[in-house]
Amino acid sequence: MAHHALEITLTRPLAAAELHHAARTMPLAPNCDGTRLMTVVHAKTPGKALTRLRRQIGTQLPLDVITTHYPDRCGKILLNVAFPPAAHTALRAAADCAAQTPQRFLELAVHRALAQHADAEADRLDRALRDLLANTTPAHLIAAVGHALTRTSGAAPC
């Protein structure tokens, strides 16, 4: 059995007492604002580690999403999301209509959404660059980008 690093996204920040109580079950490392936690779970597979974690602390903490911290051999990050019964029923019905498992249906939906987001972001950046280049030279723009990146590279978010 292997150890799997997992990241927990919470629906709200934790109180100190909640974190202390949950940490009795397993070691938990919170981020600075208490909305995410890291832990390591011993299990045969990453999927089993996600399930084990939700079972162990799912009732103690306001869990939103649990993910594997590192990609698997296929380069994928696994997600564990607990849907309310109505959402689960709707998901199962939509997956059945598409002749897919709910897991496969969600996987494809997430891939489509990420591709659409990437395309929209590329279009937005392209428009922004064209607007910038309308008022300056490429050399000045590159110098400004370099300057901006060197000023912000040391600032780490929370």
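The shown structure was predicted, so the numbers you read here are calculated from the model rather than taken from an experiment.
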Indicate if [X] and [Y] have the same hydrophobic cluster label, given that clusters are the connected sets of ILVMFWY residues with side-chain heavy-atom separations under 4.5 angstrom.
X      : Y      : answer
Leu79  : Leu91  : yes
Leu132 : Leu149 : yes
Phe105 : Val81  : yes

Point-to-point distance, once rounded to the nearest 0.5 Å, from [atom1] of [X] to [atom2] of [Y]:
X      : Y      : atom1 : atom2 : value
Leu78  : Thr51  : CG    : OG1   : 10.0 Å
Thr39  : Gln56  : OG1   : CD    : 8.5 Å
Leu61  : Leu37  : CG    : CG    : 6.5 Å
Thr9   : Ile66  : OG1   : CD1   : 9.0 Å
Leu129 : Arg124 : CG    : CZ    : 9.5 Å

Answer yes or no: is there a donor N or O on one side and an acceptor on the other, between the side chain of [X] and the main chain of [Y], under 3.5 Å?
X      : Y      : value
Asn31  : Thr35  : yes
Thr136 : Leu133 : no
Arg52  : His42  : yes

If I compare all heavy atoms of [X] with all of [Y], which pair ends up nearest, and what's the gap?
X     : Y     : answer
Lys76 : Thr68 : O-OG1, 4.5 Å
Ile77 : His69 : CD1-O, 4.1 Å
His4  : Ala43 : NE2-O, 3.0 Å

Are Arg130 and Asp126 ion-paired here, with the side-chain N under 4.0 Å from a carboxylate O?
yes
Working note: Glu107 + Gln100, criterion side-chain contact (heavy atoms from CB on, under 4.5 Å); need CA distance, chi angles, decisive distance, verdict.
CA-CA 10 Å; Glu107 180 181 3; Gln100 298 170 340; over 6 Å; no
When you compare the side chain of [Y] with that of [X], does any pair of heavy atoms fall below 4.5 Å?
X     : Y      : value
Leu6  : Met38  : no
Ile8  : Arg36  : no
Arg92 : Pro102 : yes
Thr67 : Asn80  : no
Phe83 : Leu106 : yes

More than 12 heavy atoms of other residues, nucleotides or ligands under 6.0 Å from NE2 of His117: yes or no?
no
Side chains of residues 13-29: which donor-acceptor partners sit under 3.5 Å, not counting sequence neighbours?
{"residue": "Glu18", "atom": "OE1", "partner": "Arg12", "partner atom": "NH1", "Å": "3.0"}
{"residue": "Glu18", "atom": "OE1", "partner": "Ala15", "partner atom": "N", "Å": "2.9"}
{"residue": "Glu18", "atom": "OE2", "partner": "Arg12", "partner atom": "NH1", "Å": "3.4"}
{"residue": "Glu18", "atom": "OE2", "partner": "Arg12", "partner atom": "NH2", "Å": "2.5"}
{"residue": "Thr25", "atom": "OG1", "partner": "Gln60", "partner atom": "NE2", "Å": "3.3"}

